[in-house]
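Taking it in order: structure first as structure tokens, then the write-up.
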Amino acid sequence: MVKTLAKCIREYKVASIITPIFIIGEVILEVIIPYLMADLIDNGVDKGDMNYIWKLGLVLALVALASLVFSALAGKYGAVASAGFAKNLRHDMFYKIQQYSFANIDKFSAASLVTRMTTDVTNVQNSYQMILRMAFRAPFMMIFAMIMSFRVNASLSWIFVIFIPIIALALGIIIKFAHPVFTRVFKKYDKLNNVVQENLHGIRVVKSFVREEHEIKKFQNISEEIYKDFSKAEKIVNFNMPVMQLCVYACILLISWFSARLIVYGEMTTGELASMMTYIMQILISLMFISIVMVMVTLSRASGERIAEVLEEVPDLHNPDEPVADISDGSIVFENVSFSYAKDKDKLCLKDTSLSIASGETIGIIGGTGSSKSTLVQLIPRLYDVTEGRILVGGRDVRAYDLEALRNSVAMVLQKNVLFSGTIKENLRWGNENATDEELVKACQLACADEFIEKFPDKYDTYIEQGGTNVSGGQRQRLCIARALLKKPKILILDDSTSAVDTKTDAHIRQAFLEEIPDTTKLIIAQRISSVQDADRIIVMDGGAVNAIGTHEELLKTNKIYQEVYYSQQKGE
């Protein structure tokens with residue numbers, strides 16, 4: 001974990017190294033001040049030597065000023081290093097997530113990834129700053145103060161040594177019991193984020209079914225679990241302060257008792273007592289800061305492990321050693337293809353599928369819910385890799401292609417149509433960032449989207465809210481189809497992406513495809529027979545396998561599944 005996170009320091013290594021150096025300088029100067037104060041009291045104040053007092057007073061002022069400068073510089077560079085480290089963590093995590101396959105994302109869940117990039121990174125950032133400053137300051141302060149206290153009076157200084165193991169043992173016990181609770185509570189943060197995310201995305205459904213109370217109760221339950229776990233962790237961690245205070249006050253009492261006797265017997269001066277008391281506080285405050293750092297590290301350790309999991313995750317999909325960048329045509333061949341999301345041959349959702357599709361052919365795909373229609377087409381652009389068999393596009397195994405080149409040649413309009421916040425133009429240019437305005441209009445005409453865009457006051461500069469909430473479902477689908485067409489793909493996949501448009505518009509879109517992109521291979525998944533009946537061939541899926549392939553007329557004569565779907569829809573009409 002530490003090595004993985006340390007790689008994200010990068011350009012902030014200098015700031016990370018300079019900060020402890022300034023801290024050590026500050027500590028050395030702070031430790032010198034009590035020694036000079038003792039000398040000032042014993043040789044200046046007690047003897048009434050004003051020249052010595054002015055001389056040493058000036059030295060003390062310069063030392064204090066230098067300590068202040070070191071402290072300010074340490075604070076500045078510590079902030080730069082920790083904020084930069086957090087920036088790199090977020091950058092590397094986001095970059096890594098872009099390389100993930102769907103399977104990798106499913107492993108973590110979107111809500112968990114959001115928590116790791118926000119809450120967990122903030123915890124690690126705070127801890128890193130604490131480590132750069134306090135984790136160096138406290139030990140060095142304790143060591144140097146101990147050295148100076150032994151110079152003042154070695155016998156009294158052994159009192160500190162007795163209490164250090166006691167504090168270390170207490171901290172070890174606290175960390176042992178607190179860490180598992182913090183690990184558990186961050187997993188529950190993932191659940192909380194998921195609940196909030198679902199509620200916000202589905203707020204219209206929540207309100208239409210009047211389920212606000214149910215959602216509030218669900219949120220309260222998970223929030224209560226987090227409260228209980230955090231309370232438990234805080235109770236464990238809070239034992240740290242009583243233990244520290246017990247040790248601090250015990251040290252003060254013992255040293256005060258023994259030093260008073262030494263002064264009475266003339267074995268210790270007033271200045272030495274003053275410096276000794278200062279060193280007591282420096283040592284004990286250092287111990288207190290060490291305990292705080294350890295508690296903070298315990299908290300952030302769970303976050304660090306979660307971040308490292310994201311950075312160390314190996315994407316399921318990657319380019320071959322010598323990837324092919326050119327896709328010759330849109331032909332598709334499935335050779336004995338089987339697939340399992342769980343990568344378990346006993347849990348196949350697509351079974352021993354073989355079929356051949358010529359370039360430029362229009363293929364309809366129908367089947368019941370769970371028949372693996374979407375799974376079939378998602379294997380073509382390698383959103384997932386096959387479990388068995390192989391898929392050829394343009395005569396080559398899809399695993400031989402450069403992933404970016406393959407996916408640029410395959411345009412998909414998925415079941416869940418997603419638009420991003422921005423103008424219609426900006427959303428359309430996801431398909432081709434260099435597309436001209438004329439090309440945008442042409443694509444929208446093919447997708448029958450221009451008819452409603454032209455009615456907007458700002459037309460193609462109309463702002464789309466996040467998720468496309470200010471346009472209807474049918475409008476979203478047509479915009480997504482237009483966006484896909486701008487890629488000028490060799491293969492176009494429509495995964496039930498005209499379900500929200502009327503049959504007349506659906507027919508116009510299919511006719512436009514036939515006339516304008518005849519060389520593009522078109523795969524159309526649909527629930528309506530009318531959406532696929534004009535296709536060159538229709539694939540009937542059932543139970544994760546191809547049940548039949550044929551034209552509308554052939555399947556209407558020979559295939560029972562197709563007949564049932566067709567006649568049930570005809571009856572409904």
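Just so you know, these numbers use all the heavy atoms, side chains as well, and skip hydrogens, waters and symmetry mates.
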If we count only N and O atoms by modelled type, under 3.5 Å, do the side chains of [X] and [Y] hold a donor and an acceptor together?
X      : Y      : answer
Ser112 : Arg116 : yes
Asp461 : Thr423 : no
His552 : Tyr566 : no
Gln125 : Gln129 : no
Ser303 : Asn123 : yes
Glu312 : Thr4   : yes
Ser359 : Ser331 : no
Tyr12  : Lys87  : yes

Taking the ring of Tyr128 and the ring of Phe85, is the distance between their centroids below 6.0 Å? yes
Looking at [X] and [Y], does any basic side-chain N land under 4.0 Å from a carboxylate oxygen?
X      : Y      : value
Glu225 : Lys228 : no
Glu313 : Lys96  : no
Glu439 : Lys488 : yes

Under 3.5 Å, side chain of Arg407 to main-chain N/O of Pro381, donor-acceptor pair present? yes
Distance-only, no hydrogens or angles: does the Glu515 side chain make a donor-acceptor pair with backbone N or O of Ala512 under 3.5 Å? no
Evaluate the side-chain proximity of [Y] to [X]: yes if any heavy-atom separation is below 4.5 Å, no if none is.
X      : Y      : value
Leu494 : Leu523 : no
Tyr460 : Val441 : yes
Tyr401 : Pro323 : no
Met412 : Ile380 : no

Which heavy-atom pair separates [X] from [Y] by the least distance, and what is that distance?
X      : Y      : value
Cys8   : Leu311 : SG-CD1, 4.1 Å
Ile307 : Val124 : CD1-CG2, 3.6 Å
Asn559 : Ala548 : ND2-CB, 3.2 Å

Using the six-membered ring wherever Trp is involved, compare the ring planes of Phe108 and Tyr100 and label them parallel, tilted or perpendicular (cut-offs 30° and 60°). parallel
Classify the ring geometry between Phe456 and Phe452 as parallel (under 30°), tilted (30 to 60°) or perpendicular (over 60°). perpendicular
Over 12 foreign heavy atoms within 6.0 Å of CD, Glu322: no
